[in-house]
Amino acid sequence: MTKFLDAVLSVTSHLHLDDMLANFVRAAADLTGAKYAAIGVLDAAGETETFVQHGVDPVTEAVLEHPHGRGILAEIPTDGVLMLSDLTTHPRFQGFPEGHPMMRSFLGVPVRVADQVYGRLYLSEKAGGDFTDTDAENIRMLAAAAAIAVQNSRLYKAARTRERWLAVGQEITTALLSGLDVEDALALIARKVRKVADADTAAVVLPGLDDSWLIEFADGDPVGDLVGIVMPPDGRAMTVLAEKEGIIVDSFARARNLRVPEFGRYGPSLYAPLVAEGQSMGVIILLRNKHAPEFTESDLNVAESIARQAALALKLAEARQAQDLAGLVEERARIARDLHDMAIQQLFATGLQLTHAREQVPPERDELRQVLATALDGVDDSVRQIRAIVQNLRSPNENAPLLERLRRETSLARTGLGFAPSLVLEATDPVTGVPQPSDQAADDLDARVDADLADDVVAVVREGLANAARHAWASSVHVRLAVGPEDIEVVVTDDGVGLDPERTRSSGLDNLATRARRHGGEFRLGPGPDGGTSLVWTARSG
């Protein structure tokens with residue numbers, strides 16, 4: 001009895017799982033007199049996930065493959081014992097691998113944790129003969145003690161993991177609210193979450209164009225082939241986005257239908273949605289290598305909590321950046337007004353005074369007349385320079401490509417809408433009328449749309465997005481720019497509440513109609529094809 005109690009105390013005295021398992025197999029061998037002892041910890045599919053042994057020398061162990069739990073090992077009952085005098089005579093015996101020590105007497109028992117088989121304990125080569133019923137009973141009770149130790153170890157690990165997660169969540173939130181750029185913040189989230197989750201790779205899925213979602217950031221193992229992958233519409237990431245609940249995948253390596261082939265090199269994975277104020281902003285995907293332990297429900301719960309915290313911090317950071325940008329634009333506009341209304345007017349007055357003075361100078365004072373003329377030229381140059389500065393202050397983005405300006409407008413609209421609107425460019429060849437590939441259409445866009453028309457296109461998109469943010473109460477907004485051989489069309493649609501019949505036409509919409517008429521086009525605002533509102537603006541581009 002003393003020997004049994006010592007074995008139990010040896011097993012239950014450790015909170016770290018690896019130490020506990022090593023003590024467990026050593027105590028089982030000592031208690032029964034077995035030369036060899038091992039435990040195979042099973043994953044969700046019943047495969048051996050972790051293997052801890054006692055008795056085999058390190059050199060031999062290094063060249064042997066861990067057993068997969070098949071053959072005789074699979075015959076161990078889920079509630080009972082398997083005891084054999086000579087395992088080599090059993091019908092399910094499949095032979096030993098090369099270099100494996102000879103074993104004959106055998107005792108196998110399940111280790112059950114929370115009514116599930118956590119692993120299988122194997123004992124072999126009892127000193128002095130076969131295993132006895134007393135050995136079997138002692139090992140069954142020792143396995144029960146080990147199950148309690150496993151649960152304690154899990155609780156301890158979960159507490160430590162939660163502590164680490166919370167520290168990382170606080171670090172991410174502090175970095176975001178201290179002014180970190182959003183893109184840098186997303187890279188920080190991927191890096192920190194990967195480390196705290198003991199994952200080999202972390203990927204962040206964010207909205208792209210045309211209702212697509214793609215991996216924008218990845219950290220960990222060589223991940224160059226992951227960034228830019230578009231998530232399949234019927235895949236796990238889209239399910240997580242729609243349901244706003246995370247999921248655990250036991251192993252991509254065993255998946256039969258792998259929609260993202262690049263994930264096939266990984267094993268366990270975890271999906272946690274980035275949700276803020278009821279809206280899905282993205283998904284964090286954590287990936288472990290094939291032989292790594294699976295994620296637990298505790299891991300998922302904490303990951304979801306941190307993801308929500310990060311999403312809210314991201315939303316606040318985006319709002320702060322948009323506010324800073326709006327303040328900058330407002331300040332530039334104020335400076336432009338001051339330069340136009342004060343500096344230029346004062347220079348005009350000075351110019352008039354110089355002109356009047358030059359007219360009063362007698363013709364014989366030609367030298368003085370030349371000085372006054374030079375001064376007038378200087379005033380005119382100053383006026384031209386200030387006007388150029390005013391124009392640049394009012395249009396800081398006017399020299400950027402049109403598609404880049406439109407992307408900037410959709411990015412800024414995310415704060416007001418609460419989500420990212422989609423942007424689609426369609427173009428037909430000006431000669432053949434055949435639809436162009438998207439990359440060619442983007443390259444040719446600025447050559448086909450002059451600067452004046454480009455300014456109006458940007459203004460139309462800006463007004464359409466602002467109108468949707470103010471009135472639509474929409475969950476999605478789509479912007480489509482279609483460039484034909486001789487015309488251009490801008491369409492902004494949403495799935496919101498539709499047009500208010502009592503709402504009078506705003507000055508902003510009147511402005512869009514005026515812009516359309518300037519270019520020989522038209523403007524329409526009406527119901528969308530699937531509900532909501534549709535804004536259509538056309539112009540002649542040829």
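Remember, it's a predicted structure, so these values are computed and weren't measured experimentally.
Side chain of Asp456 to backbone of Ala516: no donor-acceptor contact under 3.5 angstrom is found. Panel note: side chain Asn301, backbone Glu297; a donor-acceptor pair is recorded below 3.5 Å. The closest donor-acceptor contact from the side chain of Asp219 to the backbone of Ala202 lies at 3.5 Å or more, if one exists at all. A donor-acceptor contact shorter than 3.5 Å is absent between the side chain of Arg462 and the backbone of Glu409. In terms of modelled atom types and a separation under 3.5 Å, the side chain of Thr538 and the main chain of Glu522 share a donor-acceptor contact.
Counted by atom type alone, Thr493 and His478 present zero donor-acceptor pairs between their side chains at under 3.5 Å. In this structure, a donor-acceptor pair under 3.5 Å is present between the side chains of Thr296 and Asp299.
Separating the CD atom in Glu486 from the OG1 atom in Thr428 is a distance of 10.0 Å, to the nearest 0.5 Å. To the nearest 0.5 angstrom, Lys290 atom NZ is 12.5 Å from Asp200 atom CG. To the nearest 0.5 Å, atom CG of residue Leu402 and atom CG of residue Leu445 are 4.5 Å apart. With rounding to the nearest 0.5 angstrom, the CG atom of Leu274 is 11.5 Å from the CD1 atom of Ile306. Distance CZ/Arg194 to OG1/Thr201: 7.5 Å, rounded to 0.5 Å.
Listed by chain and number, the residues in a side chain to side chain contact (heavy atoms under 4.5 Å, CB included) with Lys244 are Val275, Ser280 (sequence neighbours excluded). In this view, Glu216 satisfies the side chain to side chain donor-acceptor pair (under 3.5 Å) rule with no residue, not counting sequence neighbours. Not counting sequence neighbours, the partners of Asp198 by the salt bridge (charged side-chain N to carboxylate O under 4.0 Å, His left out) test are Arg164. Scanning for side chain to side chain donor-acceptor pair (under 3.5 Å) contacts around Gln116 gives an empty result, with sequence neighbours left out. Qualifying side chain to side chain contact (heavy atoms under 4.5 Å, CB included) partners for Ser269, counting only residues two or more places apart in sequence or in other chains: Val249, Phe252, Tyr271, Leu287. Here Asp429 pairs with Val431, Thr432, Gln436 under the side chain to side chain contact (heavy atoms under 4.5 Å, CB included) rule; sequence neighbours left out. The salt bridge (charged side-chain N to carboxylate O under 4.0 Å, His left out) search around Glu245 returns none, not counting sequence neighbours. With sequence neighbours left out, Ala539 forms a side chain to side chain contact (heavy atoms under 4.5 Å, CB included) with Leu453, Ile488, His519, Trp537. For Arg480, the side chain to side chain donor-acceptor pair (under 3.5 Å) partners two or more places apart in sequence, or in a different chain, are Glu426, Glu489. The salt bridge (charged side-chain N to carboxylate O under 4.0 Å, His left out) check on Glu262 picks up nothing, with sequence neighbours excluded. Legend: residues meeting side chain to side chain donor-acceptor pair (under 3.5 Å) with Ser475, ordered by chain and number and at least two apart, are Asp495.
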*Test side chain to side chain contact (heavy atoms under 4.5 Å, CB included) applied to Val460 and Leu535, step by step*: CA-CA 9 Å; Val460 170; Leu535 182 156; 4.1 Å; yes

*asked:* As a quick check of understanding, evaluate side chain to side chain contact (heavy atoms under 4.5 Å, CB included) for Glu294 and Ile248, giving each step before the final call.
replied: CA-CA 8 Å; Glu294 297 176 9; Ile248 294 174; 5.7 Å; no

*Are Ile285 and Phe263 close enough, and set up right, to give a side chain to side chain contact (heavy atoms under 4.5 Å, CB included), and what steps lead you there?*
CA-CA 11 Å; Ile285 304 176; Phe263 285 176; 4.2 Å; yes

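In this structure, Arg515 forms no cation-pi arrangement with Phe523, as its terminal cationic atom is not both closer than 6.0 Å to the ring centre and no more than 45° off the ring axis.
Smallest separation of non-hydrogen atoms from Ser534 and Pro527: CB-O, 3.8 Å. Taking every heavy atom of both residues into account, Asp446 and Pro401 meet most closely at OD2-CB, 3.4 Å. Looking at every heavy atom in both residues, Leu241 comes nearest to Trp213 through CD1-CD2, 3.5 Å. Scanning both residues, Ala427 and Ala441, for their nearest heavy atoms gives CB-CB, 3.6 Å. For the pair Ala203 and Ile215, the tightest heavy-atom approach, listed with the atom from each and the gap, is CB-CG2, 3.9 Å. Taking all atoms of both residues into account, the shortest heavy-atom contact from Arg540 to Gly520 is CG-O, 3.6 Å.
Between Leu481 and Val457, some side-chain heavy-atom pair lies under the 4.5 Å cut-off. Within the 4.5 Å cutoff, no side-chain heavy atoms of Asp494 are placed close to those of Asn467. Side-chain contact between Val204 and Val193 is absent, with no heavy-atom pair separated by less than 4.5 Å. Inter-residue side-chain proximity for Gln440 and Asp444 is flagged as met; some heavy-atom pair is nearer than 4.5 Å. Proximity of Val458 to Leu406: side-chain heavy atoms (C-beta onward) are separated by under 4.5 Å at one or more points. Using a 4.5 Å heavy-atom cutoff, the side chains of Asp455 and Arg405 are in contact.
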Donor-acceptor contacts, no H, no angles, side chain residues 226-239, under 3.5 Å, sequence neighbours left out:
from   : atom 1 : to     : atom 2 : distance (Å)
Asp234 : OD1    : Arg259 : NE     : 3.3
Asp234 : OD2    : Arg259 : NE     : 3.4
Thr239 : OG1    : Gly235 : O      : 3.2

